[in-house]
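Only heavy atoms go into these numbers, but all of them, side chains included; no hydrogens, no water, no symmetry mates. When a residue number appears, it is its place in the shown sequence, counting from 1.
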Amino acid sequence: MYFKSFCRKNPITGLIDGYYRLVESYRNVEGRICHRVMLNIGFLSDLKVEQLNAIQRRLTNRVKGTPDLFPDPDPVVNQYADLYWRRLVAEKRIDLSQDNPKNARNLVDVETIQHKQVREMGGEWLGYQCLRQLGIEAFLQSLGWPQDQIQLALTQVVCRAFYPASELKTVRIIHENSAICTLTGYPPEQLTKDKLYGSALRLYSIKESLEKHLSTRTNELFDLKDKIVLYDLTNTYFEGTKAGSALAKFGRSKEKRRDAKLVVLALVTNQEGFLKYSRILEGNVSEPKTLLEMVESLRQQTAQTTRRATVVLDAGVATEENLKLLEEKGYDYVCVSRRKAHPESDPGIETVQSHLSRQGTELTLKRVKDKGSKDYFLKVHSTAKKATEEGMKNLFEQRFEEELTKIAQSLGKKHGVKQSDKVHQRIGRAKQKYPSVSSWYKIETRAGKDGLLLEMTWEKQDEKKKSELGHYFLRTNLTMDNEANLWDIYNTIREIESTFRCLKTDLDLRPIYHKNDDSTKSHLHLALLAYWLANTIRYQLKAKGINHSWTEITRIASTQKLVNTQAKIALDQTVYVKACSVPEPKLKVLIDALGYKHIPFKPQKSVGHSPPPEKIQPAFRQKVMDG
């Protein structure tokens with residue numbers, strides 16, 4: 001600081017004199033030197049230049065925190081220096097933080113700020129709050145689980161929902177990417193893949209009671225009655241031979257993996273997508289044979305309100321035997337009929353309705369009374385389904401005719417296949433390859449005197465067949481008075497299709513790499529627990545009009561981080577701050593819709609000496625430690 005004078009008329013003497021101001025120089029963000037007026041001093045005609053220099057030097061030293069050890073011998077200098085210092089303090093023109101050790105901790109050297117161990121927090125915080133909402137921690141405590149096993153189980157379920165991966169990769173994610181252990185309290189340095197395997201097996205050992213708890217808990221949370229339950233099966237495939245496995249069998253793969261062994265997952269859900277019961281079955285189990293055991297399990301494991309529930313089935317399970325079984329057990333059912341009703345045998349067509357699906361597709365609903373059954377049949381015609389089937393049939397027709405053309409051309413070639421039996425074998429293989437369109441063709445052959453075929457012709461008779469495209473029949477033992485109501489009930493089966501899609505795509509259920517059957521079952525069960533978490537969050541968001549997929553929710557949640565910051569402060573110490581970032585606007589919308597808290601804890605601050613540098617393990621040693 002220094003004195004700067006301006007020429008001005010002194011009102012006391014009436015003469016032109018020097019008007020003084022105490023000024024400070026500083027450099028702005030652009031590097032330019034600027035001046036700031038600290039005090040307006042006034043006229044100092046009674047002070048000498050040496051005295052002014054001494055006063056400004058003493059003030060500058062005091063501001064820098066290095067006051068003179070001995071007072072100036074000139075009492076006038078000391079008097080004015082103390083006067084101007086008191087004015088600077090009273091008018092708050094200077095910062096006295098350094099005079100107070102407590103305030104000095106707030107003075108941070110910006111150049112020493114470092115952000116370390118930045119971890120994902122958004123998804124983990126959503127998932128952890130959801131698990132507490134579902135009461136899983138309290139349920140495990142009621143079973144007498146130790147606290148460390150409960151913490152590990154919560155850690156594993158949340159990670160499976162947001163980072164679907166193997167146990168080995170999950171360990172790396174927790175160590176390097178995720179802040180889940182900060183929430184659950186499990187020591188990350190103690191985490192290994194073997195402990196995750198053991199945790200998954202322990203969770204599978206209480207599968208029945210845990211599913212019952214979650215089913216009851218979600219019904220209580222969201223006031224669900226389970227008036228409609230959905231039943232369907234899916235399968236996923238294994239990588240590897242799975243020799244000696246009692247679970248892995250060859251079957252009909254949903255993913256067209258005929259080369260791989262399968263495992264079947266049977267699910268019962270309600271119309272909101274919450275699981276009521278699940279069962280892991282051998283890969284060669286057929287759909288119709290699974291219903292009896294599932295119905296009995298459903299009666300024992302789920303709420304009593306499901307005793308009179310309406311079970312919605314797909315055509316693969318809706319055999320006459322299974323429908324009779326459901327009725328005997330006291331259930332109503334709605335399904336796609338495996339056979340067509342025949343209104344010509346009893347022309348009891350009552351009404352025809354036009355209806356729009358959720359996607360805006362036009363539907364025609366017609367009630368049909370079948371003479372051979374007392375059930376209610378509904379003939380549904382969908383323009384979208386017709387367009388899809390027409391496209392598939394046209395493609396199959398084209399490929400079938402290409403096969404027939406190859407066979408016919410072979411008859412005219414020198415070394416082509418002309419023997420009658422071999423030609424008909426080729427025709428049979430083509431029909432077997434395209435069974436849905438081969439019946440539309442009338443194929444004729446002409447043989448020569450030597451018995452060899454000379455010509456093959458075919459004629460397509462598809463007018464009647466194509467007129468039936470886009471039709472299917474719904475069947476129920478309910479007493480219905482409105483065709484649209486029956487279609488709406490059956491349309492809830494889309495929810496279980498959404499469940500399978502979420503499990504396989506968002507939660508990465510396929511393929512399975514585990515070698516033994518117990519690990520396979522625990523792997524599938526862990527995915528189902530992750531689905532409970534995902535569906536609980538999505539259901540609450542849907543109620544608020546937010547229809548994001550689980551992948552999109554995970555992406556939005558990843559914008560929130562946990563940050564560990566350290567910096568030097570004025571007392572030559574290091575301050576450490578652990579803080580969670582403020583949610584971004586999109587994430588804030590999701591959190592508010594769920595009624596969850598924005599951040600798990602307030603910023604945590606500590607002051608101390610710098611920690612020793614982290615010891616980095618060699619790559620080969622880290623690989624051995626990770627297994």
Side-chain angles (χ1 to χ4, degrees), residues 120-137 139 153-166 170 173-174 178 180 183-184 200 203-204 207 210-211 213-219 221-222 224 230 232 234 236 265 267-278 492 494-510 522-560 586-587 589-596:
E120 301 280 351
M121 175 58 80
E124 287 82 347
W125 182 226
L126 286 182
Y128 182 70
Q129 291 186 93
C130 181
L131 291 186
R132 296 185 66 179
Q133 188 180 19
L134 292 173
I136 292 182
E137 183 175 3
F139 174 75
L154 298 179
T155 300
Q156 189 171 22
V157 172
V158 172
C159 278
R160 187 63 182 82
F162 289 92
Y163 310 101
S166 66
T170 299
I173 289 173
I174 293 175
S178 175
I180 181 59
L183 300 175
T184 61
L203 286 170
Y204 181 72
K207 172 181 176 295
L210 184 54
E211 278 186 347
H213 163 77
L214 291 172
S215 174
T216 305
R217 178 63 177 164
T218 50
N219 284 4
L221 279 175
F222 309 119
L224 307 179
L230 317 171
D232 205 354
T234 190
T236 185
L265 183 62
L267 297 182
V268 177
T269 72
N270 61 11
Q271 61 186 6
E272 288 81 16
F274 290 105
L275 300 178
K276 299 287 101 180
Y277 189 71
S278 65
T492 58
R494 304 287 179 257
E495 192 60 46
I496 200 168
E497 295 172 358
S498 176
T499 299
F500 289 143
R501 185 164 54 250
C502 180
L503 281 168
K504 289 187 174 182
T505 304
D506 297 339
L507 299 177
D508 200 20
L509 189 65
R510 58 188 175 190
S522 63
H523 168 80
L524 293 174
H525 179 242
L526 191 61
L528 293 179
L529 292 178
Y531 172 76
W532 271 103
L533 187 155
N535 194 66
T536 301
I537 291 177
R538 290 191 65 207
Y539 174 79
Q540 295 176 88
L541 292 178
K542 287 178 183 178
K544 298 297 179 65
I546 303 174
N547 297 303
H548 293 329
S549 67
W550 182 244
T551 302
E552 178 67 4
I553 294 172
T554 301
R555 185 196 67 79
I556 294 174
S558 67
T559 58
Q560 191 174 28
K586 288 186 178 180
L587 178 57
V589 171
L590 300 186
I591 295 175
D592 290 341
L594 293 168
Y596 293 166

Original post:
Roughly how far apart are E272 CD and T492 OG1, rounded to 0.5 Å?
Top reply: 9.5 Å

**OP:** Could you tell me whether the side chains of E211 and S278 share a donor-acceptor contact shorter than 3.5 Å?
**Re:** yes

Original post:
Less than 4.5 Å apart, any side-chain heavy atom of V157 and any of L203?
Top reply: yes

Original post:
Short question: side chain of K276, backbone of N270 - any donor-acceptor pair under 3.5 Å?
Top reply: no

Original post:
Under 4.5 Å between any side-chain heavy atoms of E137 and Y128, yes or no?
Top reply: yes

**OP:** Only one of L526, D506, D508 passes side-chain contact (heavy atoms from CB on, under 4.5 Å) with P164; say which it is.
**Re:** D508

**OP:** Using the test side chain to side chain contact (heavy atoms under 4.5 Å, CB included), find all partners of E552 that sit at least two apart in sequence or belong to another chain.
**Re:** H548, S549, R555, I556

Original post:
Heavy-atom distance under 4.5 Å between the side chains of E120 and I173, does that happen here?
Top reply: no

Subject >> side chain to side chain contact (heavy atoms under 4.5 Å, CB included) assessment of L224 paired with Y539 >> reply: CA-CA 12 Å; L224 307 179; Y539 174 79; 3.6 Å; yes

Original post:
Between atom CG of L503 and atom CG of L524, what is the distance when rounded to the nearest 0.5 Å?
Top reply: 9.0 Å

**OP:** Taking the side chain as every heavy atom from C-beta outward, state whether Y596 and L590 have any pair of such atoms under 4.5 Å apart.
**Re:** no

Subject >> Close side-chain approach of L214 and L275, heavy atoms under 4.5 Å >> reply: no

**OP:** Of all the heavy-atom pairs spanning G135 and H213, show the shortest one and how long it is.
**Re:** O-NE2, 3.4 Å

Original post:
So, T155 versus T184: side-chain donor-acceptor pair below 3.5 Å or not?
Top reply: yes

**OP:** Applying side chain to side chain contact (heavy atoms under 4.5 Å, CB included), run through L509 and L265 and close with a yes or a no.
**Re:** CA-CA 11 Å; L509 189 65; L265 183 62; 4.3 Å; yes

**OP:** Begin with the C-alpha distance, continue with both residues' side-chain angles, and end with the deciding distance and a verdict on side chain to side chain contact (heavy atoms under 4.5 Å, CB included) for C159 and I174.
**Re:** CA-CA 8 Å; C159 278; I174 293 175; 3.6 Å; yes

Subject >> Exercise: do Y163 and E124 side chains pair donor with acceptor under 3.5 Å >> reply: yes

**OP:** Measure across A165 and T170 and return the closest heavy-atom pair with its distance rounded to 0.1 Å.
**Re:** O-OG1, 3.7 Å

Original post:
For L507 and A161, which heavy atoms make the closest approach, and how far apart are they?
Top reply: CD2-O, 3.6 Å

Subject >> Heavy-atom closest pair, residues T536 and F222 >> reply: CG2-CZ, 4.0 Å

**OP:** Return the set of residues passing side chain to side chain contact (heavy atoms under 4.5 Å, CB included) with D592 (not counting sequence neighbours), or none when no residue passes.
**Re:** K588, H598

Original post:
Do Q540 and Q133 come close enough that some side-chain heavy atom pair is under 4.5 Å?
Top reply: yes

Original post:
Can you check whether L533's main-chain N or O pairs, donor with acceptor, with R538's side chain at less than 3.5 Å?
Top reply: no

Subject >> Heavy-atom pair of closest approach, residues K542 and E495 >> reply: NZ-OE2, 4.0 Å

Original post:
What residues, two or more places apart in sequence or in another chain, satisfy side chain to side chain contact (heavy atoms under 4.5 Å, CB included) together with A534?
Top reply: W550

Original post:
Is it the case that T234 and K504 place a side-chain donor and acceptor less than 3.5 Å from each other?
Top reply: yes

Original post:
Which value, rounded to the nearest 0.5 Å, describes the distance between I136 atom CD1 and W532 atom CH2?
Top reply: 9.0 Å

Original post:
Can you tell me how far the CD1 atom of I496 sits from the OG1 atom of T269, to the nearest 0.5 Å?
Top reply: 4.0 Å

**OP:** Measure across S178 and I180 and return the closest heavy-atom pair with its distance rounded to 0.1 Å.
**Re:** OG-N, 3.1 Å

Original post:
Just checking, K207 and Y277: is the charged tip under 6.0 Å from the six-membered ring centre and within 45° of the axis?
Top reply: yes

Original post:
Okay, side chain of T505, backbone of C502: is any donor-acceptor separation there less than 3.5 Å?
Top reply: no

Original post:
About how many Å separate CG of L529 and OH of Y204, when rounded to the nearest 0.5 Å?
Top reply: 12.0 Å

Original post:
Do R494 and R501 come within less than 4.5 Å of each other through their side chains, counting heavy atoms only?
Top reply: no

Original post:
Taking atom CG of L594 and atom CG of L541, what is their separation to the nearest 0.5 Å?
Top reply: 4.5 Å

